[in-house]
Trainee: 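Right, I'll just put the structure down here and ask away after.
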Amino acid sequence: MTTAPSDAGSWPSNLMVDGLAVSKQATPESFDEVSEILRGANARGDAVIPFGGGTQLGLGNIPSAGDIALNLSKLDQVVIYEPDDLTISVQAGCRIDDLNGLLAEHGQMLPFEVARPQDATIGGAYATGISGPRRFGHGSMRDLVIGITAVSPSGEIARAGGMVVKNVSGYDMMRLHYGALGSMGVILQLNFKVLPKPPAQRTVVVRFGELSDAIEAALGVRESQLSPTAIVVLDEGGARAAGVDVAPWTLLLRAEGPEDAAAQQTARLREATRVGALGSDVLGDAATDALWRGANTLLSAAPEESGIGIRLGMPASQASEIAEQLLATTGGGSATRRLSLDFGNGLLFAQVGVDTEPIDELRTLWERVRTLGSHATLLTAPPDVKRDIDVFGAEPAGFGLMRALKQQFDPSGTLNRGRFIGRL
Amino acid sequence: MAQPAVVAQLEAALGRDSVLSNPSELTVYEYDGSDEALAGSHRPDVVVLPQTAQQVQQVVKIARAMGMPVTARGGGTGLAGGAIAVQGGILVALTKMDRILEINTRDRYALVEPGLINLDLSQTTSRDGYFFAPDPSSQRACTIGGNVANNSGGPHCLKYGVTVNHILGLEVVLPDGELLWVGGPSPDVPGVDLTGILVGSEGTLGIVTKAMVRLTRSPEATDVLLAAFPSIEAASSAVSAIIAAGVLPTALEMMDALTITAVESAYHAGYPRDAAAVLLIEIDGLLEVVAENTRLISVICEQQEATEVRVASTQEERDLLWLGRKAALGAMGRLAPNYYLQDTVVPRTKLPVTLQRVEEISKDYKLPVANVFHAGDGNLHPLILFDRHKPGDIERVLHAGTEMIHWCIEVGGAVSGEHGIGLEKKDFLPLVFTTEDLAAMAGLKLSFDPLQLFNPEKVFPSGFSCGEVSALRQQALAARLGIDFV
Amino acid sequence: MTAESEERLGNFFGRNIPDVNVIRSCVHCGFCLPSCPTYRLTKRERSSPRGRIWLMNQVSIGNLELLDPIFEEEMSLCLNCRACEAVCPSGVKYGEILEASRAQIEEHRETPVAEKAARGLAFNVLFSDMKRFRVASHALKLYQRSGVQSAVRKTKLLNVIGLGESEQMLPELSDRFTVPHGETIAALGEKRGHVALFTGCIMSTAYAGVHESTIRVLTRNGFDVTLTADQGCCGALHVHAGEPDGGRKLARANIEAFEKAGFDAIIVNAAGCGAALKEYGHLLKDDPSYADRATAFSSTVRDVVEFLGDAGLSATPGPLNWTVTYQEPCHLAHAQRVTKQPRALITAIPELTLIEMPESSLCCGSAGIYNLIQPDMSSALLTRKLDNALSTGAEAIVSANPGCMLQLAAGLRARGDRRPVIHLIELLDRAYAAAESAAEPESAAAD
Ligand SMILES: Cc1cc2nc3c(=O)[nH]c(=O)nc-3n(C[C@H](O)[C@H](O)[C@H](O)COP(=O)(O)OP(=O)(O)OC[C@H]3O[C@@H](n4cnc5c(N)ncnc54)[C@H](O)[C@@H]3O)c2cc1C
Ligand code: SF4
Ligand code: SF4
């Protein structure tokens, strides 16, 4: 597995994206500089690959060209933070951990989860649109964003939204860039509404022998009036990543709120998931943070040499069936597997590694699983696996519109050429 | 009047009963919930009442072939003139498409048609313990399609978020006549977030023919607090204090004395008539959490000089308190024949100064202003009361309104928090957005609707021509570079 | 008279011009639309309260002809059920401007001769004199018994007196008439007050049994009940149909009949009549010698359900092991805003189960003579109402207005459904009867 160093400045000058070496790198320090670089590249017909922490560069189709790597990590300022307004405006290169460190000083937070929050930037996380299980209770970046500044390949800097928590003035351009992999413009700045940090948090860890029991328990909690902020089922590999005692299946329930309430909810959650369980534990505040950081490594979309990472979307009620099929497909042989079923939101994350003849087996595996859910994304895979497939699955409904949008916002294909859905 | 040929084609596609072309029956589609003297009114050339998505599609195809504008209309409760057919053309009234097609509590969604009344949905799903969270005060009359188009909010959006947070997928007819499904029951469908883009686009990008909406589990416990304050300042400080204390209530609404008078004479909701302002605060969730937060908030209110803090203990009491709030706008008819409603938002810490400024403007223009609003979000609704038939009133109202908007923007706010831009607020957009900003938005419009047939003249300021957007972009860029680099 | 000297508001002119301030008080917020039966069925803006007010507005500013066919049709299609008025946050007095608009149309339109004659017969002859009304009703009963129905079926007489669709249910017509002669029936037990009973036209013929129940229930609850002499029809049908002058005449007579005695309340058991009586103040506001008296009269009028609900039952009803549903008469729920008391009274009966029907406040389509004028809309509403009512599985439908009861009973009959439709006060009466039969053996033992 390749990892990106924490200090983006020490990136080799040759950024590799899916085996493609990008020879030039630019590290602008102001919005106008970004505008300038893009305008130049656009005029010359150069292809630009923007990046922040480089932690999710594995996502996307193999670029058809890459002339300039646009490093946004120096645009990392917090522009406005008004704790009493519960709003913040940050530049795209700001790291998620840094941001939360600042917020925590004021008893606040942004509940965003990525595989490596110490490196990942807010802009990169927004552009990839991968979101962790805690959004069940708090909402995702898509739900909490209130404003954006983005620059077009021809250099215009445009804002939308603002610094208030509710706003319908003009189109929500924030939506155009969410999960669009930076192919409609380079995100420069994002505004969010922040949340009060709950005074206490716990995680209920329930171990099961059978997947069906774990799922039954998870669905039961989901349908109850209890309000965990995340509901996740992990397999053994997943449990290892999360650093909890390994059982065939582990149900994780996160409870947040006032001290007493969190404690009481924890007790009720334990009670509600007793049937079929092998045992359960409750983790306190610090352990909860550590656990979820580990579990969230399954959200990774980092470049990968030896395995694949998949995200499937599905209605929660079908999760059990789909998980069984996935197990059947990935079971046995030399496969290593890490699985995380995000029940609250209806997403499944799987990482599968194969030793022998990796390419063909991984391709076959992807072909099998990509039709399982209602949507599938190959988050990460060796370039050879990706070669002539679309990592975003089939062309989605509305692809014609997406093409029109790309044509409108990046007519020369300057940004992330060929990487987005349908090789836009 | 529509050309007979168009009417004939529409009748062939939809049946005679669903096509209205007699001028006397078209006249009732000239307005929506906005004040016609302020937003304007216009008679459509023809009104259609389709019953299926395919019929909507046919209408759009006919319109496109004839180059006629198309405007969608739901309950016609919009407050910004969004559903007014300013250029005439075809008005598509979606009121007959009002069925609930599926309720799936396991996966927490409902599939509904756009003309369904917001409250009808929650009333139906409440039997199973679920509700549709966006609850505009107009919920007994507005439609899901209108909510989607305006990205509507409501008192409970403080905790639950606005409409966009509750729309999982949409079926839409695009301006080119394509019928398209976007989104679905699980989030993060790969590709551009078309669902998110369509929500809040005020019918300018597509006509919603079905919506898959999120259902939220009813909370285990709910408390409603009524806190009375001796001054508006005290009430708005309490709002800031509650937000800053890190307890986020489900709803946090403020009403001033004038509003209390109107509501009390209409509904006898039991608001203290001698208070300068009341806060209506709802807290919901787990039993333990609600108990704790109710206690905390009561203490904060008392610290901020509340003269009375009352907790509604029965469902009936809660409903009565909410009824007064939800019907407050309408009850203004008891104070004056007309009102002009602003929908600005300010950062929450700016509420106290903003309310002071509103009061000053009210005095300056000698126009009474009632305040009833989503305080927790900083979303103001100053209602400027007037009589359209009094000479000079309209002009003064417009000036006063403009001053309020200017002030709110100065303190970092926005033109509209939930009612939309439509016709009525579009000329305020340049106060917040530069030509570059607007040009990017125009790019979105052109990608969807290159012929600009859907809901023309809405959202973008008068004189801003989406068609000339590339020229505008270049000019704007040159202007900025001129400052920066020359 | 020249046009200039006439009162004029756009294209409204002459007498009974709708109040422009009421028309303007509608801010077109749309809150009323979902409550409006004709809108719910058509989903057309013109058939909504807001649409109708806008049409009136267009006439008032001269943009629409008074006799524009769409305007006429909408003024007629409206049920005057006032559901819109009950939910309007701005307090728009819809009924008032609707009735004025209808009066305007009636005054200025070319009425076909035959219709004029029929209306003349109905409004000026039949309802204006209770003796004649009873004679006509007698004829009806003869007709019913003689079996020569087909001969009469084509005349619209039945419809005009509100019995239109009800041919099938005529056997339920009471054999007795209530003829008030000024007699007083004394309270049983401790006396709590003295009330007068307004007997009305249809109630005293078709539903005389309801009057008897009313008297029994009121006396049992401690009220002396007087059947005031010289009272007549309330005039609601006249006013609703755009014949306010006929209505005023009846109103004056009723005021004279009741005002001297000083009762605690004038009790009505027909919601439609009650609503009309409560509006005499408005109806006669321009009549200097009656305006104040009318207001005073109106202030003492109470629906029997409202009155008993507010006063509370002093005698405990006996048990009825029934499942019932309650259909809200528009003129009780919307025009008089009486919604809590009926439910309280029904649920005061031990062992009885009340299951609320969906859309209980949506009009059943009866609405006075509406089923004559708009038969299609009326029967569509009736179908919807019965579907809603029967979905509860109730064994009986309880209502509080004769028009609704006739309409519902006719609808049930047509479906071959034998479930009864009964007046709330009859339900209470039966419960008291049950109490008595339960008490008898006990009192015998005590003797
Ligand atoms: C008294 C009162 C109180 C209100 N309170 C609130 C409040 O608390 N919060 C709030 O957010 N709003 C409020 N509103 C405003 C209004 O009710 C909302 O904007 C509502 O969502 C509009 O819904 P509608 O069905 O009436 O839409 P309409 O007014 O008919 O249309 C609104 C817009 O949506 C478009 N549209 C309608 N249907 C479709 C469709 N199917 N596809 C595409 N476009 C469509 C129209 O073209 C138009 O631009 C209030 C209004 C009133 C009168
Ligand atoms: S509720 Fe009242 S103000 Fe609103 S549209 Fe209806 S009549 Fe007009
Ligand atoms: S009176 Fe009844 S039918 Fe007439 S507009 Fe009002 S609600 Fe509709």
Side-chain angles (χ1 to χ4, degrees), chain B residues 17-18 20 22-36 41 47 49 51 73-79 93-98 115 117 119-120 123-124 137-142 262-263 265-267 323 326-339 387-389, chain C residues 11 20-36 39-61 63-74 77 83-93 337 340 356 358-359:
Chain B
D17 279 357
S18 301
L20 313 177
N22 178 327
S24 315
E25 51 187 342
L26 294 177
T27 179
V28 296
Y29 291 95
E30 280 172 24
Y31 53 80
D32 63 2
S34 59
D35 191 307
E36 69 268 26
S41 63
V47 173
L49 296 139
Q51 277 164 290
R73 186 179 197 268
T77 68
L79 290 166
L94 292 140
T95 46
K96 280 192 179 170
M97 292 173 62
D98 61 353
I117 306 258
L119 191 62
D120 286 353
Q123 277 179 348
T124 307
S137 306
S138 52
Q139 72 181 136
R140 61 156 63 237
C142 65
V263 170
S265 58
Y267 292 102
L323 172 72
K326 293 235 160 186
L329 282 196
M332 290 303 151
R334 313 215 171 214
L335 298 182
N338 306 95
Y339 61 75
D387 182 350
R388 187 193 306 150
H389 298 278
Chain C
N11 288 335
V20 66
N21 290 319
V22 177
I23 295 179
R24 283 180 189 165
S25 66
C26 169
V27 295
H28 36 92
C29 68
F31 272 37
C32 51
L33 268 64
S35 307
C36 172
Y39 178 74
R40 273 195 102 97
L41 284 182
T42 61
K43 292 284 178 147
R44 280 185 319 200
E45 184 79 16
R46 53 176 270 202
S47 304
S48 76
R50 178 173 65 172
R52 292 185 176 119
I53 297 170
W54 184 265
L55 290 175
M56 293 176 202
N57 182 42
Q58 294 298 301
V59 176
S60 80
I61 57 176
N63 281 355
L64 195 67
E65 292 303 321
L66 174 65
L67 298 179
D68 181 287
I70 303 261
F71 185 58
E72 260 196 72
E73 192 178 317
E74 281 311 331
L77 201 60
C84 49
E85 211 177 299
V87 298
C88 173
S90 300
V92 175
K93 295 187 191 124
R337 316 279 160 94
K340 285 200 192 106
E356 292 284 351
E359 305 182 323

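Below, chains carry the letters A, B, ... as their sequence lines are ordered, and counting in each starts from 1.
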Trainee: Step by step, work out the side chain to side chain contact (heavy atoms under 4.5 Å, CB included) result for C:Val87 and B:Arg140.
Mentor: CA-CA 10 Å; C:Val87 298; B:Arg140 61 156 63 237; 3.8 Å; yes
Trainee: Can you tell me which portion of C:Ser35 sits under 4.5 Å from chain B's heavy atoms? Options are side chain, backbone, both or neither.
Mentor: side chain
Trainee: With a 4.5 angstrom heavy-atom cut-off, which part of B:Ser34 approaches chain C: side chain, backbone, both or neither?
Mentor: backbone
Trainee: Quick check: does any side chain N or O of C:Arg50 sit under 3.5 Å from a backbone N or O of B:Gly76, one acting as donor and the other as acceptor?
Mentor: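 Yes, the answer is positive, given that a donor and an acceptor are paired below the 3.5 Å cut-off.
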Trainee: Are more than 12 heavy atoms from other residues, nucleotides or ligands located less than 6.0 Å from atom CG of B:Asp17?
Mentor: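 Counting neighbours around CG of B:Asp17, 12 or fewer heavy atoms of other residues, nucleotides or ligands fall under 6.0 Å, so no.
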Trainee: I'd like to know which of C:Cys32, C:Pro34, C:Gly30 tops the heavy-atom pair count under 4.5 Å against chain B.
Mentor: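 Result: the option with the highest number of such pairs is C:Pro34.
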Trainee: Atom NZ of C:Lys43 and atom CG of B:Leu94: how far apart are they, to the nearest 0.5 Å?
Mentor: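 The distance works out to 11.0 Å.
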Trainee: Might you confirm whether atom NZ of B:Lys96 has over 12 heavy atoms from other residues, nucleotides or ligands at distances under 6.0 Å?
Mentor: yes
Trainee: Quick one: of B:Gln139, B:Gln123, B:Glu30, B:Glu36, who has the most non-hydrogen atom pairs under 4.5 Å with chain C?
Mentor: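 Most pairs with chain C among the choices: B:Glu36.
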Trainee: Among C:Phe31, C:Tyr39, C:Trp54, which has the most heavy-atom pairs under 4.5 Å with chain B?
Mentor: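 Ranked by contacts with chain B, first place is C:Trp54.
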Trainee: How many angstroms lie between atom OG of C:Ser25 and atom CG of B:Asn338, to the nearest 0.5 angstrom?
Mentor: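 Going from the OG atom of C:Ser25 to the CG atom of B:Asn338 covers 10.0 Å.
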Trainee: Give, as side chain, backbone, both or neither, the part of C:Phe71 having an atom under 4.5 angstrom from any heavy atom of chain B.
Mentor: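 For C:Phe71, there is no contact with chain B at all, as no heavy atom is under 4.5 Å.
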Trainee: Quick check on C:Arg52 against chain B: is it the side chain, the backbone, both or neither that has a heavy atom closer than 4.5 Å?
Mentor: neither
Trainee: Going from CD on C:Glu74 to OG on B:Ser24, what distance comes out if it is rounded to the nearest 0.5 angstrom?
Mentor: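 It is 11.0 Å, given to the nearest 0.5 Å.
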Trainee: Tell me, for B:Ala327 versus chain C, whether the close heavy atoms (under 4.5 Å) come from the side chain, the backbone, both or neither.
Mentor: both
Trainee: Where does C:Cys88 contact chain B at under 4.5 Å (heavy atoms): side chain, backbone, both or neither?
Mentor: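 Backbone of C:Cys88 only, per the 4.5 Å heavy-atom cut-off to chain B.
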Trainee: Output yes when B:Arg73 and C:Glu45 qualify as a salt bridge under the 4.0 Å nitrogen-oxygen rule, no when they do not.
Mentor: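 Yes, this pair counts.
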Trainee: What is the distance from atom CZ of C:Arg44 to atom OG1 of B:Thr95, rounded to the nearest 0.5 Å?
Mentor: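 Separation between the atoms: 10.5 Å.
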Trainee: When rounded to the nearest 0.5 angstrom, what is the spacing between CG in C:Leu33 and CD1 in B:Ile117?
Mentor: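 With rounding to 0.5 Å, CG (C:Leu33) is 7.5 Å from CD1 (B:Ile117).
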Trainee: Grab the two heavy atoms, one from C:Pro89 and one from B:Ala266, that are nearest each other, plus how far apart they are.
Mentor: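 Heavy-atom minimum between the residues: O-CB, 4.3 Å.
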Trainee: So which of B:Met332, B:Lys326, B:Arg388, B:Arg334 has the biggest tally of heavy-atom pairs under 4.5 Å with chain C?
Mentor: B:Arg334
Trainee: Quick check: do B:Asn22 and C:Ile70 have side-chain heavy atoms less than 4.5 Å from each other?
Mentor: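 A side-chain contact exists here, since the closest heavy-atom pair is under 4.5 Å.
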Trainee: Give the member of B:Asp32, B:Leu20, B:Val47 that has the highest number of heavy-atom pairs under 4.5 Å with chain C.
Mentor: B:Asp32
Trainee: If I measure from the heavy atoms of chain C, does B:Thr124 come under 4.5 Å with its side chain, its backbone, both, or neither?
Mentor: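 Neither part.
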Trainee: Non-hydrogen atoms of chain B under 4.5 Å away: do they reach the side chain of C:Arg337, the backbone, both or neither?
Mentor: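 For C:Arg337, no heavy atom lies under 4.5 Å from chain B.
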